[in-house]
There are 2 protein chains.
Amino acid sequence: MSPRNPKAAPAGRRPAKAFAIAAPREAVAGVFAALGDPTRLKLVAVLCAGGAFSIAQLTAGTDISRQGVTKHLQVLAEAGVVSDTRQGRERLYQLEPARIEDAKRTLDAIGKQWEAALGRLKAFVES
Amino acid sequence: MSPRNPKAAPAGRRPAKAFAIAAPREAVAGVFAALGDPTRLKLVAVLCAGGAFSIAQLTAGTDISRQGVTKHLQVLAEAGVVSDTRQGRERLYQLEPARIEDAKRTLDAIGKQWEAALGRLKAFVES
DNA sequence: TCCTCAGGCAACCAAATGGTTGTGTTTCGC
DNA sequence: GCGAAACACAACCATTTGGTTGCCTGAGGA
């Protein structure tokens, strides 16, 4: 099983051309990177329970220091996964589901493309 | 521990401990971390076009060295996103869609939980 | 008012990461 | 059998990351 030969691909001998995923790869890679830490994923899991949480509240769910949590939240905010608003003397963080949707669409595109490739391969083998 | 640790949420209520995500958070965080690099995401995009690709082929699509690509592929393999098989003098890499599906389900669960929380909030406001 | 709670800022640290080059070791083609 | 292709292994390097501590500012409440 080596479909590496350009039988059905119009790409000639060139193996790897950039494939359009969904959103700009750079941006969505940032979302994945932001979710790629257990602590941050846990923070997101807490935040997706709804509402806005302060840093102290979010810290209470982890075993690292408040400043550590702050850094993680900044990473999430930079990736657009959460948004923050200052309210009084505390800063409230909230989930921003749009980027999560972007990431999900990217994963969906990967799955779809893979399935389509499997289908083509099967058709080729059966022909 | 740190003496400056904020003891708990004093006046505020407990932060919701609802982190009922899908798969083991640690494992899926590894998948996100693996996808969280632009080079690796590009490799996955190439691989999801179907079939198995050699390291040299995959290297041709990037602007880093073959050893650099090898390291990225090892990261992807460790996360279970790709699988590799030795064939002759080359090693072929292939997408492993199961873990991608896991990650997608996690993102789906986050989105669903967020929507449910929004719904509850709306119902509460309207009551 | 004064005290305390929540957070911001900065320095610092160890470990991981992303990348390189150099040197073997198989395997294929001639 | 010989040379080149494809890769593995290892050392090395700069930068980023995850985490800490210490100190400072600002907002609320008794």
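Naming convention: chains lettered A, B, ... in sequence-line order (proteins, then strands); numbering from 1 in each chain.
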task = Hey, could you give me the CD/CZ distance between Gln74(B) and Arg40(B), rounded to the nearest 0.5 Å?
result = 11.5 Å
note = Contact string for nucleotides 24-30 of chain C, one letter per nucleotide 5' to 3', B = base within protein heavy-atom range under 4.0 Å, S = sugar-phosphate only, - = neither, reads ---BS--
Leu73(A) with Leu35(A), same ILVMFWY side-chain cluster at under 4.5 Å = yes
inquiry  = Run the side chain to side chain contact (heavy atoms under 4.5 Å, CB included) test against Glu101(B) and tell me which residues pass, sequence neighbours left out.
reply    = Lys104(B), Arg105(B)
Residues 46-55 of chain A side chain polar contacts: donor-acceptor under 3.5 Å, at least two apart:
{"from": "Ser54(A)", "atom 1": "OG", "to": "Gln57(A)", "atom 2": "N", "distance (Å)": "3.2"}

Given atom [atom1] of [X] and atom [atom2] of [N], what is their separation to the nearest angstrom?
X	N	atom1	atom2	answer
Gln57(B)	dA6(D)	CD	C1'	11 Å
Leu92(B)	dA8(D)	CG	P	11 Å
Lys42(A)	dG18(D)	NZ	C1'	16 Å
Ile64(B)	dT17(C)	CD1	P	15 Å
Leu35(B)	dG18(C)	CG	P	12 Å

message = Less than 4.0 angstrom between a side-chain N/O of Ser54(A) and OP1 or OP2 of dA6(C), yes or no?
response = no
inquiry  = Whether Ser65(B) contacts dT20(C) is assessed here as follows: a side-chain N or O lying under 4.0 Å from the phosphate OP1 or OP2. Is that the case?
reply    = yes
request  = Choose from dG7(C), dG8(C), dT20(C) the nucleotide whose nearest atom is closest to any side-chain atom of Arg91(A).
outcome  = dG8(C)
remark   = Winner on side-chain proximity to Gln67(A), out of dA8(D), dG18(D), dA10(C), is dA10(C)
Difference in axis direction between the ends of the helix from dT1(C)-dA30(D) to dC30(C)-dG1(D), five pairs, 10° = 30°
inquiry  = Any residue in residues 70-85 of chain A with a heavy atom nearer than 4.0 angstrom to DNA chain D? Just list them by number, or reply none.
reply    = Lys71(A), His72(A)
Tell me which donor-acceptor pairs under 3.5 Å the side chains of residues 77-85 of chain A have, and how far apart each pair is, sequence neighbours excluded?
{"from": "Ser83(A)", "atom 1": "OG", "to": "Glu96(A)", "atom 2": "OE1", "distance (Å)": "3.0"}
{"from": "Asp84(A)", "atom 1": "OD2", "to": "Arg91(A)", "atom 2": "NH1", "distance (Å)": "2.3"}

